[in-house]
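Fair warning: this is a prediction, and the values are worked out from it, not measured in the lab. Start at 1 and go down the list; that is how both ligands and their atoms are numbered.
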Amino acid sequence: MPAFKGLLIASVVAFLCAQPGFGQGVDERIPQSIRFDGEMVVRVQLESEADFRFMETISEDVWSHHIVQGPVDFRISRSDLPALDGSGLEYEVLIADVQALIEAERAGQGVDGDFFSQYQNFNSVVSYLNTLAALRPDLARVESIGQSVQDREIWAIRISSPGSEPGKPALVFNGCIHAREWITVMATMWTADRLVREYGSDADVTFMLDNYEIIIIPVLNPDGYVYTWTNNRMWRKNRSSNSDGSRGVDLNRNWGYKWGGRGASTSPNSDTYRGPGPFSEPETTALAEFVRANPQIVGGIDIHSYSQLILHPWGYTIQLCDDHDEFQALGDQMEAAMEAEHGTQWINGPVYTTIYPASGVTSDWYYGERGMYGLSYELRDRGQYGFTLPASQIVPASEETFAGIVELARWPINVPPVLDVLGDLVRGENATVRYARGIPNEDVYFYYSIRDQEGTTYIPFLDVTLDIPQASLAGSAAADEHGQATLVTTVPRNIPILVIWLQGAQTGITSNVVLDQIN
Ligand code: 0X9
Ligand code: ZN
């Protein structure tokens, strides 16, 4: 009986609002403007592209995508069940009543309790980050890495053992690139909480902070996250205004490495819209610029939900990446540690074949552009609750997340230095090149090779073939205490240069080759 139910909710709200200590959550208890009455989630066995196209006619919200064949979860309206029955597709009901799960989730919010006993809104997350930093200012500090479309700060907490050397290797973990994946906010916050509270008492935490600076960004997409609390619990993208009047870019399709390939939509109103250009969005740009400015970052996990997966590159191609075997071995280790926590099952593998093709994803950029250990998670569950994972699972899901992170930190990470061309290469003008992750205080040798699209040169220690008339210029610079060296040199004016390759080398380690176009 809807009328009675409405009355009941209203009086519960009135009761709770009258309680002392019920402050911050008040606005979020106002019913969201978008409701999901009569909505359900079904898992459909797809056999073909045509099956997927049929499902698109009755569902506007894919909850777990997949390659053409296999099970895919769709949110549909109960009134579309006859059409689904009529299609002959095999399916099962995962969630019979989406709105009921949202209401169950909201029923616990704002009630006093431990931070991790309920999902927390953006303001609570930010104030808790500051509480953690205040608890151990010798270990942690909170810093903004940039602003969202709607000018919210994107907060990071940086945690390391006291008196750490500059340039200490770092790992970065972010949650909530997708707004509705609430568990990722709690799991990253839980990680920060443990690191701050258990340094010196817990062996894993102490090991991690002695060996790495850990950077945690619980909410990469603050506008989207706030919107899931106030308006639409199932919002995924950021809140950009698109050219066609729709809102939102899928931030996990907006990264600049192989942007716009398979598994990314060109339609602004699609949930996998890639955006008008690579890094068109301030949220992806902020994290990319932060990683570039901190070249000591050697690995990262972009944390999503749901499906219980540990994923590595590539997302944009079915080809295995060069380090596939190592990623797979690391993934096995992480999987075992995560399964040992609570017996939940995990699968690890490349994004493309384990989940589906996706271009412009965070982990491809981490690995392809930065040579980092670039991973992503899909946390609990496997579809029973999907994005509305009950709050009672926050702690166990966080424990699993953490167990995998420990394995990454204990893995013998071996990453090549990175070379960046800072600014444009213009004939006759100065070019600035930076080599990072080198051995502090040792010399770095820079080489650059020019191609005019004639001739071929094999460079044995790089194991690459370059089309160059001559390896014509070089220079050296000492690496500073951060392991960074910078060379400023003039780009020749008179040779018919088209393309330039750059490399840096230091006692046996050669950086990635950077390819750049001459203006
Ligand atoms: O579509 C996505 O971006 C990810 N799935 S989700 O349901 N969380 O939206 C999968 C893409 C694979 N890559 C990463 N998880 N980074
Ligand atoms: Zn996601």
Side-chain angles (χ1 to χ4, degrees), residues 41 43 61-67 70-75 94 172-185 187-188 217-221 224-225 228 234-238 248-255 257-259 261-265 270-275 281 283-284 287-288 299-318 321 327 331 334 346-369 372-383 385-389 397 401 404:
V41 177
R43 176 164 293 175
D61 187 7
V62 185
W63 274 32
S64 87
H65 315 236
H66 218 287
I67 7 190
V72 180
D73 305 346
F74 297 89
R75 175 165 62 82
L94 287 181
V172 63
F173 304 108
N174 75 276
C176 206
I177 198 170
H178 287 147
R180 62 189 174 185
E181 297 164 13
W182 283 13
I183 185 60
T184 68
V185 176
T188 47
I217 303 165
V219 185
L220 189 67
N221 175 10
Y225 189 55
T228 60
M234 294 307 155
W235 190 257
R236 165 183 167 98
K237 303 187 285 182
N238 76 349
V249 168
D250 184 350
L251 297 177
N252 204 31
R253 298 294 183 278
N254 189 242
W255 289 75
Y257 190 81
K258 304 289 177 186
W259 176 85
R262 281 205 71 187
S265 176
S270 161
D271 249 352
T272 56
Y273 176 45
R274 63 188 188 177
E281 304 310 298
E283 296 88 356
T284 46
L287 182 49
I301 309 181
D302 173 29
I303 303 179
H304 293 248
S305 73
Y306 58 93
S307 287
Q308 294 168 206
L309 307 170
I310 304 152
L311 302 166
H312 64 258
W314 298 112
Y316 82 96
T317 175
I318 196 167
C321 72
F327 274 127
M334 292 170 71
W346 295 73
I347 291 174
N348 83 88
V351 169
Y352 194 102
T353 45
T354 309
I355 179 163
Y356 44 79
S359 299
V361 299
T362 316
S363 42
D364 279 6
W365 187 86
Y366 279 173
Y367 176 68
E369 182 78 25
M372 291 163 52
Y373 283 68
L375 301 173
S376 66
Y377 276 155
E378 296 287 342
L379 301 184
R380 288 187 184 197
D381 54 11
R382 283 199 164 158
Y385 296 101
F387 303 117
T388 43
L389 190 72
T401 305

In terms of atom number and element, which parts of ligand 1 are under 4.0 angstrom from non-hydrogen atoms of [X]?
X    : value
N252 : 2 (C), 3 (O), 11 (C), 13 (N), 14 (C), 16 (N)
H178 : 2 (C), 3 (O), 8 (N), 9 (O)
E181 : 6 (S), 8 (N), 9 (O)
S305 : 7 (O), 8 (N)
D302 : 16 (N)

Polar contact flag for D250 and ligand 1 (N/O pairs, less than 3.5 Å): no

For ligand 1, which is the ligand I care about here, please tell me if S376 has any N or O atom under 3.5 Å from one of the ligand's N or O atoms. yes

With side-chain contact (heavy atoms from CB on, under 4.5 Å) as the test, pick out the partner of L375 among Y367, F173, F327. F327

Would [X] count as a contact of ligand 1 if the rule is a heavy atom under 4.0 Å away?
X    : answer
T362 : no
G263 : no
Y356 : yes

Between D250 and K237, is the closest basic N to carboxylate O distance under 4.0 Å? no

Exercise: identify the closest heavy-atom pair between [X] and [Y]:
X    : Y    : answer
F387 : M234 : CD1-SD, 4.2 Å
R382 : R43  : O-NH2, 2.5 Å
V249 : N238 : N-OD1, 2.7 Å

If only atom types and distance count, is the side chain of T188 paired as donor or acceptor with the main-chain N or O of V185 below 3.5 Å? yes

Whether the T362 and W255 side chains hold a donor-acceptor pair (N or O, under 3.5 Å, no angle test) is what I'd like checked. yes

Hey, are N254 and E281 close enough side-chain-wise for a donor-acceptor pair under 3.5 Å? no

Measuring to the Zn ion (ligand 2), does E378 have an N/O/S atom at a distance below 2.8 Å? no

For W314 together with Y316, are the ring centres under 6.0 Å from each other? yes

Which bit of T272 is near ligand 1, meaning a heavy atom under 4.0 Å away: side chain, backbone, both or neither? neither

Where the Zn ion (ligand 2) is the vertex, angle from H178 ND1 to H304 ND1 to 10°: 100°

